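Okay, so here's the structure we're looking at.
Everything numeric here is computed off the predicted structure, so don't read it as measured data.
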Amino acid sequence: MRHLKPRAATAVSVVVLPLLVGCGGGGADNGGSVSVDRLVTLSEEVGKDGADTCPLPYDAADAVDEAGLGEGIEPGAAGAEVDEPVATAQGGRTSDPQSPWAGKAGAWITCSYHVGGEDLDIHTAGTEAGNAINLLLPTAQSAAGMSSDEMKTYYEKADKAKPGEPVPSQSGNVVTVRLDSGGKGDVALLLTVGEDHKSKLKPEQVLELARTFATQVK
């Protein structure tokens, strides 16, 4: 693998909401299944410098076909430098009290693509203790341009959804899907597309992309 320059990453920021302790564990309907331990192992393989391929089995070309986009998808952010990684990760197992992952195994892996000149990021996060939807919420809020009230409403919908059930934002460019974690901890996927809180893609296309990605992960 070539030497990779890490993309700027936002540290995990946990938003404390009333439903923080609620977790989905198993019994995925149409979604994929991946354990927290598996995510932690993959994040450690990605490392601090990132990787030039996504460590999770997302088939981006198939997802684009399923969504009927009619155009190709390429790895990496739009306009990214040659040595910029496709995948970045944070988390793992640590006792550092300053780390958001302290005292609990967890990981967050982001795989970046671009389609039609727009960035498309698949965030997959898992935690042994707590709520994966809650971990992903600040990123969802930023990408969709949600107000505090909108964020709370979105969180409640996403947290109540069954594994495999996609939950879109009002903006249409953000979708969250809880995944089957195998009965231990909590795992979820967040898809963000475009910029400035919108995408050129139709909301139903973004929804279908998220639905397909969620069935692929394992």
Side-chain angles (χ1 to χ4, degrees), residues 6-20 22 39 43 46 50 54 56 58 60 63 73 75-80 84-91 98-101 106-127 130-161 166-179 186-207 209-211 213-214 217:
R7 293 180 65 185
T10 302
V12 171
S13 175
V14 179
V15 177
V16 180
L17 291 175
L19 296 176
L20 176 61
L39 280 182
S43 72
V46 171
C54 181
L56 288 157
Y58 292 124
I73 185 169
E84 193 168 340
V86 169
T88 56
Q90 56 179 302
Q98 301 302 315
S99 170
W101 308 100
W108 179 326
I109 298 173
T110 300
C111 296
S112 300
Y113 300 87
H114 61 275
V115 57
E118 290 190 320
D119 288 340
L120 182 154
D121 290 325
I122 312 169
H123 306 273
T124 312
T127 177
N131 188 306
I133 300 292
N134 195 59
L135 284 175
L136 294 165
L137 194 59
T139 299
Q141 179 188 25
S142 177
M146 301 178 197
S147 67
S148 296
D149 286 344
E150 289 171 339
M151 179 181 67
K152 182 178 179 180
T153 299
Y154 182 76
Y155 173 83
E156 291 171 348
K157 289 180 180 178
D159 190 62
K160 292 177 181 177
V167 180
S169 63
Q170 287 187 343
S171 61
N173 70 315
V174 169
V175 181
T176 302
V177 188
R178 174 167 267 126
L179 304 174
D186 197 31
V187 180
L189 175 156
L190 170 67
L191 177 68
T192 63
V193 186
E195 59 183 355
D196 297 329
H197 318 144
K198 60 183 181 294
S199 170
K200 299 174 186 175
L201 303 183
K202 298 177 181 178
E204 56 266 30
Q205 292 176 317
V206 179
L207 189 67
L209 282 169
R211 194 192 315 273
F213 284 132
V217 68

Original post:
What distance separates Lys152 NZ from Gln141 CD, expressed to the nearest 0.5 Å?
Top reply: 13.5 Å
Original post:
Is there a donor-acceptor pair under 3.5 Å between the side chain of Ser142 and the backbone N or O of Pro138?
Top reply: no
Original post:
Should Leu201 and Asn173 be marked as a side-chain contact (heavy atoms from CB on, under 4.5 Å) after you check the CA-CA gap, both sets of side-chain angles, and the distance that decides it?
Top reply: CA-CA 8 Å; Leu201 303 183; Asn173 70 315; over 6 Å; no
Subject >> Distance (rounded to the nearest 0.5 Å) between Leu189 CG and Tyr58 OH >> reply: 4.0 Å
Subject >> Trace of the side-chain contact (heavy atoms from CB on, under 4.5 Å) decision for Leu209 with Leu120 >> reply: CA-CA 10 Å; Leu209 282 169; Leu120 182 154; 3.9 Å; yes
Subject >> Asp119 and Glu195, any side-chain heavy atoms less than 4.5 Å apart >> reply: no
Subject >> Gly126 versus Leu135, closest heavy-atom pair with distance >> reply: O-CD1, 4.5 Å
Original post:
What closest approach, in Å, do Val86 and Pro75 show between heavy atoms, and which atom pair accounts for it?
Top reply: CG2-CB, 3.9 Å
Original post:
Roughly how far, to the nearest 0.5 Å, is OG1 of Thr88 from CH2 of Trp108?
Top reply: 9.5 Å
**OP:** Output, in order, the C-alpha distance, side-chain angles, deciding distance and verdict of side-chain contact (heavy atoms from CB on, under 4.5 Å) for Arg178 and Asp159.
**Re:** CA-CA 8 Å; Arg178 174 167 267 126; Asp159 190 62; 3.3 Å; yes
Original post:
How far apart are the closest heavy atoms of Ile133 and Ala158, and which atoms are they?
Top reply: CG2-CB, 3.9 Å
**OP:** Run through Leu56, Val177, Leu190, Leu136 and flag the one making a side-chain contact (heavy atoms from CB on, under 4.5 Å) with Thr124.
**Re:** Leu56
Original post:
Between Ser112 and Asp121, do the side chains contain an N or O donor and an N or O acceptor separated by less than 3.5 Å?
Top reply: yes
**OP:** Check for a donor-acceptor pair, side chain of Glu118 on one end and backbone N or O of Lys200 on the other, with a separation under 3.5 Å.
**Re:** yes
Original post:
Taking all atoms of both residues into account, what is the closest heavy-atom pair of Thr192 and Ala143, and its distance?
Top reply: CG2-CB, 3.7 Å
Original post:
In this structure, which one of Thr176, Val206, Leu191, Leu207 forms a side-chain contact (heavy atoms from CB on, under 4.5 Å) with Pro168?
Top reply: Leu207
**OP:** Look at the aromatic rings of Phe213 and Tyr113 and report parallel, tilted or perpendicular, splitting at 30° and 60°.
**Re:** parallel
Original post:
Under the side-chain contact (heavy atoms from CB on, under 4.5 Å) criterion, do Val193 and Val175 qualify, and how do the steps go?
Top reply: CA-CA 9 Å; Val193 186; Val175 181; over 6 Å; no
**OP:** Assess whether atom CD of Gln170 is packed by more than 12 heavy atoms of other residues, nucleotides or ligands within 6.0 Å.
**Re:** no
Original post:
Do you know which two heavy atoms are closest between Ser171 and Ala144, and how far apart they sit?
Top reply: OG-CB, 3.3 Å
Subject >> Residue pair Asp186 / Ala132: nearest heavy atoms and the distance that separates them >> reply: OD2-N, 2.9 Å
